[in-house]
Amino acid sequence: MQEYLLIILGTALVNNVVLVKFLGLCPFMGVSNKVDTAIGMGLATTFVLTLSAASSWLLERFLLEPFGIEFLRILTFILVIAAVVQFTEMAVKKISPVLYQVLGIFLPLITTNCAVLGVALLNIQEKNTFVESLLYGVGSALGFTLVMIIFAGLRERLSFADVPESFAGAPIGFVVAGLLSLAFMGFSGLSVQ
Amino acid sequence: MLTAIGSLTLLGLVLGGLLGIASKYLKVEGNPLVIEVEEMLPGSQCGQCGFPGCGPAAEALADGKADVTLCPPGGRALAADLAKKLSVEVDLTSMEEKEPAVAFVNEDLCIGCTRCFAQCPTDAFIGAPKQIHTVIGEICTSCEKCIDICPTECITMQPLEATVQTWHWPKPKERRLAA
Amino acid sequence: MPNRSATEGGPYAHKKTSVQRTMVLVMVALVPATAYDLYLFGWPAINLFVITIASALMIEALCLVIARKPIVMFLTDGSAILTAWLLAMSLPPWAPWWIGVLGAGIAIVIGKQIFGGIGQNVFNPAMVARVALLISFPLEMTTFVAPSPLGTAGAPGFMDSLAFTFGLANSVDVVSSASVLGHVKTELSRGIPLQQALEGNYDLFAMTLGDASGSMGETSFSLILVGGLFLIIKRVISWHIPVAMLGTIAIMATLFNLINPAQYPDALFHLVSGATVLGAFFIATDLVTSPVTKRGQLLFGVGCGLLVYIIRTWTAYPEGMAFAVLLMNAMTPLIDRYIKPRVYGRTIKGDPLAPKGGS
Amino acid sequence: MKLFKIRGGVHPEYQKRLTRKNEIEVLPMPPMLHMPLQQHIGARAEPEVNAGDKVKKGQVIALAKGMISAPVHASTSGTILGIHEFPAPHASGLPWQTITMKSDGKDEWGEMPPPMNPFESTPEEISDRVAISGVVGMGGATFPSAIKLYLGKSHQLKTLVINGSECEPYLTCDDRLMQEKADGVLDGARTIARALRVENVIIAIESNKPDALSVMKEATKGYSDVKVVGIPTRYPMGAEKHLIQVVTGVETPSGKLTADIGMVVHNVATAYAVHVAVRYGYPLMTRVVTVSGGAIKEPKNLLVPIGTPVGSLIDYCGGLTQEAHRILIGGPMMGQPLISTRSPVVKGTNGVLALTKEETRKQDEMPCIRCGSCVTACPCGLVPLEMAARIRKEELDAAVDIGLMDCVSCGACAYVCPSYIPLTQYFNYAKGRLKAIQGEQRKQEITKQLAEQREVRLVEQMRAKKEMLAKRKAEKAAKAAAQAEAKAAEEATAAPQEATSTEMTSSPPEVN
């Protein structure tokens with residue numbers, strides 16, 4: 001039990017996909033202007049990440065390995081991710097048209113969200129079991145969502161600040177992301193003895 | 001080689017099939033954005049935005065080809081609403097708010113040609129041919145269409161003066177100017 | 001009289017208060033602890049302190065010139081001095097000059113001015129600088145010395161320490177010594193039980209006075225506490241953050257201490273060691289970067305306390321104050337967004353109250 | 001009596017000692033009076049007199065018009081000089097319609113309605129009397145009092161609260177009134193209670209007015225239905241909804257009237273005016289005004305005829321000792337700056353203050369440091385700093401979302417702000433701007449309809465034109481055809497091929 005908790009905590013905080021691995025920066029910078037949008041994006045990504053982490057593991061285990069076609073790994077993973085994203089897009093459009101409109105281009109772009117492919121590949125690299133892969137996906141997604149929401153909160157606040165013109169917008173966003181990353185360094189070495 | 005091709009094809013087929021089914025169940029009707037946007041616009045067809053009317057302006061807005069600040073009669077309030085609707089960022093402080101004004105007919109110059117009647121989108125002019133015209137202030141949108149058409153250049157825009165009833169506190173001065 | 005409308009609205013009365021006054025009061029509260037610490041650590045500490053504050057002021061002035069802002073007004077608001085002061089208190093007292101200058105630069109430029117100056121920053125500038133320094137220069141930032149009060153035999157003289165601070169000569173013998181938290185962490189990681197690790201290194205009485213190695217703000221528990229209480233009495237800060245934070249640390253420490261005394265130190269140890277009180281009264285309470293509502297502040301304090309305990313206990317860093325404060329700073333906009341006072345005549349969700357009585 | 005807590009509030013420096021011991025003095029009748037047609041909330045009164053008319057004291061010179069309005073009476077006898085635009089005692093300093101009269105110095109009474117005994121009259125009779133006497137809320141709100149009395153018909157009311165809190169600094173006019181006219185205030189309160197069909201009257205007085213408290217307590221001995229309550233001294237204790245909460249513990253829901261929870265609040269000065277109107281038949285012609293502030297030579301409480309130029313009050317108090325940084329109408333917290341001292345005292349003027357720069361403590365504005373003082377001070381539970389930040393970026397709707405419309409503009413937030421941010425002005429600006437936008441939108445809706453009607457009309461015209469053309473064409477064609485036919489018949493034998501060519505040329509050219 002404890003090791004599962006550690007996987008989630010580890011991937012969410014210590015090795016946060018965004019702030020430590022610097023994956024998934026595109027939606028992180030792109031859809032973090034409003035907290036509500038960030039929550040939506042976080043949830044959509046959580047869904048895709050978890051599903052793709054699981055299905056890529058299955059794919060690796062039951063298709064790529066048995067047939068010895070690991071060289072097709074990235075290709076097949078992208079295929080699966082793309083399908084999951086397509087599905088998510090349809091679902092979001094149906095369930096929440098507003099969110100669909102707000103997420104706009106970033107929804108299909110989850111496909112190329114490096115965090116999603118990254119987590120799928122890392123799972124294989126670290127030789128995780130199915131449950132571990134799933135938790136790895138969930139943890140990463142939680143970390144991603146958490147950071148997205150925090151970052152959106154900060155940016156909402158900054159939108160009312162007198163940021164110098166030359167730093168307004170994306171530049172100050174990157175500065176804040178850097179400082180946030182600095183703060184997350186505090187979790188490094190987190191381990192329960 | 002064959003397995004690779006085979007497995008990929010199979011994968012593609014399976015996923016494609018699943019998505020096909022999903023698209024059937026999760027179908028959504030087309031985007032009614034243009035109509036919604038058009039309803040938000042003033043609808044006086046004044047053409048100050050550069051588009052021939054509110055309808056084309058709405059289309060351009062929905063396509064993202066026009067700025068949400070395009071409509072002077074709508075002012076900042078409309079720009080803010082449009083920005084919300086279209087979820088785009090807009091800096092409203094930089095948008096010039098047009099002073100409220102009404103058309104005013106200089107009665108010494110008016111020859112009663114009624115050409116302004118034909119131009120006015122809200123029928124704010126009253127009078128008759130060969131008579132002096134006047135403007136109903138409450139319905140004039142200050143679209144300025146009448147100014148150019150007048151052969152004697154007798155129409156001008158006059159700012160609406162504030163009264164005790166309409167006056168409100170001005171926005172506090174920006175502190176950064178106090179350097 | 002010409003007809004001109006009023007341009008400056010009411011009220012036309014004002015409380016005796018100002019930003020400057022607030023900053024000055026915080027500095028006054030810091031004076032006793034600072035003076036005693038400067039005395040304890042001698043000339044090298046005084047040099048560092050002066051260098052840090054002076055460079056902060058210069059950098060602030062430079063930023064204001066670049067941003068074309070009124071220089072005198074903002075330079076005299078006291079915020080740059082206070083930031084540098086708090087930063088200096090969180091540095092090892094005998095750190096070289098460039099640590100102070102670099103720290104001041106990071107704090108003022110990246111921590112504050114890049115956001116638009118006073119009031120606009122989202123992270124505590126002093127802690128931004130401290131964390132950036134700690135991660136970039138772990139050696140310089142963790143080399144502590146045992147106190148050698150001014151005028152005592154081992155204390156370096158003014159000229160010697162000047163040379164030492166600027167790295168010109170190694171004329172001063174540095175007796176390096178780890179802070180208590182650092183020592184405990186190292187020993188525990190080597191598998192040595194807590195009691196044994198603390199033996200001879202943990203003198204509660206000395207620590208409450210400040211007679212221990214560590215950065216200036218990490219020592220002299222009692223004088224900082226006095227300053228903090230002064231701030232609460234003067235209503236510069238409210239009790240919510242310090243109480244929630246210290247309370248959370250105490251509860252966590254007691255809880256784990258009861259579970260395994262050999263592994264987890266007790267509450268008192270956590271409260272008097274490290275920058276616990278300085279953080280709780282002076283750093284976490286930074287007005288700009290903490291929540292504006294009282295309930296939000298309670299939550300903020302609890303969060304800081306939890307994170308301090310977690311980072312101290314289970315991560316690679318012996319002291320987590322700076323990280324905890326930065327992490328909670330990041331949470332502040334969300335806390336402010338979701339925790340608001342109840343509006344008069346409305347439910348907490350914002351709907352009008354159901355009318356009682358009447359028609 | 002058990003009191004209840006309210007949130008927020010501030011403790012400004014009250015400065016009441018300047019005038020608290022000064023008995024009310026009667027200001028001599030000035031030679032000229034300026035009576036604005038609108039001294040109340042609602043519709044402007046309609047003038048009843050013309051230039052040159054002679055009027056008597058107490059005579060109606062403008063009648064209430066519309067649902068919510070109040071009449072205006074001549075404060076003395078004399079001649080109407082005219083109805084014209086005159087600078088309003090308002091922050092805008094803009095002119096508004098004002099009747100100016102010249103006093104003849106005789107102060108002759110006109111015909112007044114007979115005195116009434118309220119306890120032998122019906123609630124309607126009392127309310128009607130208050131209505132014709134032009135009584136309005138004299139605490140500064142200037143809402144026509146009669147409208148509030150008629151509430152007794154539509155609402156089941158339980159409690160009348162008489163507001164003697166006078167929480168604005170400097171002002172002592174209500175304090176003095178209660179001390180000097182305790183019986184009148186009490187009688188007015190009981191008269192109002194009767195009009196409202198309310199059994200229970202609470203007179204609430206802030207604890208910093210111990211003299212008024214004891215005098216009122218003494219006066220109410222023997223009246224079991226009236227309670228005098230000392231309430232904590234805190235600004236804005238006198239805000240209607242907060243006052244009710246303090247004395248009854250009931251919170252008025254947002255967007256509702258206090259009458260909806262069975263309570264009505266009237267100011268002590270209003271109660272006294274009601275007493276005078278009912279018992280003596282005198283309309284509202286005078287009021288007590290506190291003239292105070294560091295720049296006033298001899299601060300006083302004055303009984304002033306309505307319409308007196310503010311300058312006369314200041315002169316009577318010995319003028320200014322130094323140039324005033326601000327001259328205000330009302331208290332320093334919610335009062336309005338006066339643009340011209342020619343502006344008259346109106347029904348809602350409770351104070352004239354001339355403040356020095358040290359008193360206003362004006363300082364340069366600094367950026368917000370998010371200290372949260374304003375959040376603690378706000379009696380309405382709002383987050384002023386966030387609202388102001390949004391308004392600064394012109395995001396008015398976002399400010400409304402976080403409660404702008406629940407703000408009562410009491411000024412407590414701006415009072416405590418260490419950065420001297422004009423928070424209240426931000427909110428007043430936003431409220432005014434939103435109201436203007438609403439007006440514009442209404443106008444836009446009208447113009448939209450007009451534009452649509454015009455469009456329909458144009459299409460209709462076009463169609464009619466086309467129809468007419470078509471008709472004419474058809475007629476012509478028919479005529480031509482008939483002619484052709486006739487011709488053809490005539491020339492049938494001669495040249496049949498000509499007929500077709502005539503027919504072809506006779507068709508009118510296509511007009512489009």
Side-chain angles (χ1 to χ4, degrees), chain A residues 30-31 33-34 36-37 40 51-52 55-56 58-60 62-106 155-156 159-160 162-165 168-170, chain B residues 1-37 40 58 61-65 68 79-94 171-179:
Chain A
V31 239
N33 286 326
K34 293 262 179 296
D36 295 330
T37 329
L51 218 58
S52 62
S55 47
S56 62
L58 292 173
L59 211 61
E60 171 78 17
F62 296 111
L63 188 74
L64 302 182
E65 263 178 33
F67 293 103
I69 46 172
E70 284 94 342
F71 60 91
L72 285 176
R73 190 177 289 141
I74 291 179
L75 202 65
T76 49
F77 282 10
I78 285 288
L79 201 60
V80 170
I81 292 167
V84 176
V85 169
Q86 273 300 309
F87 178 77
T88 316
E89 194 181 339
M90 283 187 253
V92 170
K93 198 171 180 180
K94 179 83 179 173
I95 297 160
S96 169
V98 180
L99 185 63
Y100 178 79
Q101 204 179 340
V102 167
L103 291 179
I105 185 69
F106 292 100
R155 285 189 84 176
E156 248 179 38
S159 69
F160 298 113
D162 296 328
V163 180
E165 217 174 311
Chain B
M1 183 65 190
L2 271 182
T3 41
I5 293 172
S7 53
L8 267 187
T9 317
L10 192 69
L11 197 63
L13 281 176
V14 169
L15 291 171
L18 282 174
L19 282 177
I21 295 165
S23 72
K24 211 168 184 178
Y25 285 99
L26 296 172
K27 199 176 169 77
V28 176
E29 291 306 312
N31 192 357
L33 200 60
V34 176
I35 300 158
E36 281 176 40
V37 170
M40 290 165 74
L61 278 168
D63 288 352
K65 284 177 193 147
V68 289
D81 286 349
L82 285 173
K84 213 171 177 183
K85 181 98 217 158
L86 302 166
S87 62
V88 292
E89 290 288 304
V90 61
D91 182 16
L92 292 171
T93 42
S94 62
K171 193 172 175 178
K173 280 196 305 257
E174 270 298 309
R175 57 172 171 258
R176 264 187 295 184
L177 300 175

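Remember, predicted model here, so these are calculated numbers, not experimental data. Throughout, protein chains are lettered first and strands after them, A, B, ... in sequence-line order, and every chain is numbered starting at 1.
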Criterion side-chain contact (heavy atoms from CB on, under 4.5 Å) on B/Leu15 and A/Gln86, from CA distance to verdict: CA-CA 10 Å; B/Leu15 291 171; A/Gln86 273 300 309; over 6 Å; no
To the nearest 0.5 angstrom, please state how far the CG atom of A/Leu79 sits from the CG atom of B/Leu11. 5.0 Å
In terms of heavy-atom contacts, B/Leu19 and A/Ala83 come closest through CD2-O, 3.5 Å
Hey, could you give me the CD1/CZ distance between B/Ile21 and A/Phe87, rounded to the nearest 0.5 Å? 11.0 Å
Name the region of A/Leu63, side chain, backbone, both or neither, that has any atom closer than 4.5 Å to a heavy atom of chain B. side chain
Counting only heavy atoms from other residues, nucleotides and ligands, does the tally under 6.0 Å from CG of B/Leu18 exceed 12? yes
Which bit of A/Leu59 comes within less than 4.5 Å of chain B, counting heavy atoms only: side chain, backbone, both or neither? side chain
Portion of A/Leu75 that has a non-hydrogen atom of chain B nearer than 4.5 angstrom: side chain
